[in-house]
Amino acid sequence: MAGPGADPRRARLLEIYLAALTAVDGRRRVRAVLASDPANRPVHLLAVGKAAASMTLGAIDALGPQFVRALVIVPDGGIPAELAARPGIDCREAGHPLPDARSIAAGEAALEFAASTPAGSRVLLCVSGGASALIEMPAPGVTLDALVALYDLSTRAGEDIGTLNARRRELSQIKGGQLPGRFAGSSVECLMMSDVAGDDPAVVGSGIGCAAGVPVTLVGNLDDALEAALRAARMAGLTAVRGDGRLAGEASAAARRLSHELAVGSAELQVWGGETVVTLPARAGRGGRCQQLALAAALQIAGHADYLLLAAGSDGRDGTGEDAGALVDGDTIERALAAGFDPEASLAGADSGSLLEETGDLIHTGATGTNVGDIVLALRLPPPAGRPM
């Protein structure tokens, strides 16, 4: 997945990261929530977001013959063969992080799904991060170009997801609690996988499953993932602590703070989570906020053989590419310079991914079946005996 050579410390960090992802797997979490559900009537399911497919599979596992049909909306490449092969399921891919024409088609399909759901039905809305771009039904007079421009402006300004989603709600006919009301006469519930601070249903997916009278069940969040990482680290014999607060603000600034905490802290592993932002230049290169944070941290820990840092998205995608993030060490900058890269220039150009690919530090997972935010693991541990940095 990542890293030059066979440094067991890197393998250990990756194992801890994967343990965190497993703990918040959408299929596992939804199955557990619904397994104890006493209801015994037909269920219609609408799932949208990066974890939509796995959440749907979890519902099918638990509901058995109660499951009737589903509409599932995911990013490109997010439909597992197991789900696509099942009858009664309409699987659709749509644009992310930028909405596209398929996002509007998905919004139309959602309204048709709601209209064709018989009154008196039980409806489950499975909502996870990413839903805001994947499903769109613009308010009158609002164009797709306007929605794309909104995202672009927000990203370049370094706005947080809460601010962006508040703007999206104002331009939609189905977000901000409007979709549940389309299921006339039905009993609607929302199962939510949260990737936002405070786990506010009005923010996750721009509030697509949040409405007055609609019960919301939180099936997984960042706390669950970080606590699982701590357990995995301690089981591996590491002293591990969770960092204070939730990561936010500029990625480079967060990297400087975390590197300082790593240096002055007493634990071998520090665990962090949240979502930083990157203010993009006019011409941005390859990479996302996790890669940007990792490269900025690599500059801070350069020459320190004991230090490593992993920064990766829980959804397996960082930015618009296929990389989940990166795992850097005290030798990353030396490898970058030897390859002809200027790390400071790569940061300024938001092109961290190009450098980190050359240094062998990128992480690749593919779709993970979850989405609860970004995970950062900072390790201070001497290299194995006889292995120079």
Side-chain angles (χ1 to χ4, degrees), residues 24 26 29-30 33 45-52 55 71 73-75 94 96-97 99 103-104 106-107 110-111 113-114 123-139 142 146-147 150-151 153-155 157-184 186-225 245-249 273-277 314-315 370-374:
V24 288
R29 299 301 289 247
V30 168
V33 166
L45 184 147
L46 194 163
V48 56
K50 294 180 181 179
M55 293 175 78
L71 172 63
I73 303 162
V74 297
H96 187 278
S103 304
I104 294 178
L111 294 181
F113 185 87
V123 176
L124 291 180
L125 298 180
C126 292
V127 181
S128 58
S132 295
L134 292 168
I135 184 168
E136 292 282 7
M137 181 51 60
V142 178
L147 297 175
L150 171 65
Y151 175 84
L153 288 172
S154 177
T155 302
E159 290 183 341
D160 63 80
I161 190 64
T163 301
L164 172 59
N165 283 359
R167 296 173 187 247
R168 283 166 157 165
R169 292 194 295 270
E170 295 173 355
L171 304 180
S172 175
Q173 295 186 63
I174 56 175
K175 295 172 182 173
Q178 298 180 78
L179 180 60
R182 301 282 187 157
F183 290 89
S186 294
S187 173
V188 182
E189 308 159 47
C190 178
L191 303 183
M192 183 182 78
M193 181 77 72
S194 173
D195 64 336
V196 304
D199 305 323
D200 186 350
V203 178
V204 178
S206 299
I208 199 166
C210 170
V214 174
V216 177
T217 300
L218 179 64
V219 299
N221 66 0
L222 185 61
D223 288 335
D224 297 328
R246 186 181 178 105
L247 293 180
E275 288 190 2
T276 59
V277 297
S314 58
D315 59 352
T370 190
N371 182 33
V372 295
D374 299 337

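If you read the sequence from its start, that first residue is 1, and numbering goes on from there.
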Nearest-0.5 Å distance, CG of residue L147 to CD of residue E136: 4.5 Å

Full working for side-chain contact (heavy atoms from CB on, under 4.5 Å) between D224 and V372: CA-CA 9 Å; D224 297 328; V372 295; over 6 Å; no

What is the minimum heavy-atom distance between P97 and Y151, and which atoms define it? CB-OH, 3.3 Å

Checking the side chain of S186 only, and the main-chain atoms of V123 only, is there a donor and an acceptor separated by less than 3.5 Å? no

Check for a donor-acceptor pair, side chain of S314 on one end and backbone N or O of G373 on the other, with a separation under 3.5 Å. yes

What one should report as the nearest heavy-atom pair of A52 and S128 is N-OG, 3.8 Å

Would you confirm whether R169, through its side chain, and A202, through its main-chain N or O, come within 3.5 Å as a donor-acceptor pair? yes

Rounded to the nearest 0.5 Å, what separates atom SG in C210 from atom CG in L179? 11.5 Å

Closest approach of I135 and A110, non-hydrogen atoms and distance? CD1-CB, 3.6 Å

Could you check M137 against K175 for side-chain contact (heavy atoms from CB on, under 4.5 Å), going step by step and ending with a plain yes or no? CA-CA 8 Å; M137 181 51 60; K175 295 172 182 173; over 6 Å; no

Distance in Å, L222 CG paired with E275 CD, rounded so as to fall on 0.5 Å steps: 9.0 Å

Looking at every non-hydrogen atom in both residues, tell me the closest pair between M192 and V216 and how far apart they are. CB-CG1, 4.0 Å

Enter the distance from K50:NZ to D315:CG here, rounded to the nearest 0.5 Å. 3.5 Å

Can you name the nearest heavy-atom pair linking V214 to V188, along with the distance? CG1-O, 3.6 Å

Donor-acceptor contact below 3.5 Å, side chain S103 vs main chain A94: no

For L111, is there any backbone N or O sitting under 3.5 Å from a side-chain donor or acceptor partner on R182? no

CD/E189 to OG1/T217 distance, rounded to the nearest 0.5 angstrom? 7.0 Å

By side-chain hydrogen bond (donor to acceptor under 3.5 Å, both in side chains), which residues pair with N165, not counting sequence neighbours? S132, R168, S206

Show the nearest heavy-atom pair for residues L134 and A106, with the distance to one decimal. O-CB, 3.6 Å

Taking side chain to side chain contact (heavy atoms under 4.5 Å, CB included) as the test, write out the residues that go with T163, two or more places apart. E159, D160, R167

Quick one: pull up CG in L46 and SG in C190 and give me the separation to the nearest 0.5 Å. 10.5 Å

For a quick check under 3.5 Å, do S194 and D199 share a side-chain donor-acceptor pair by atom type? yes

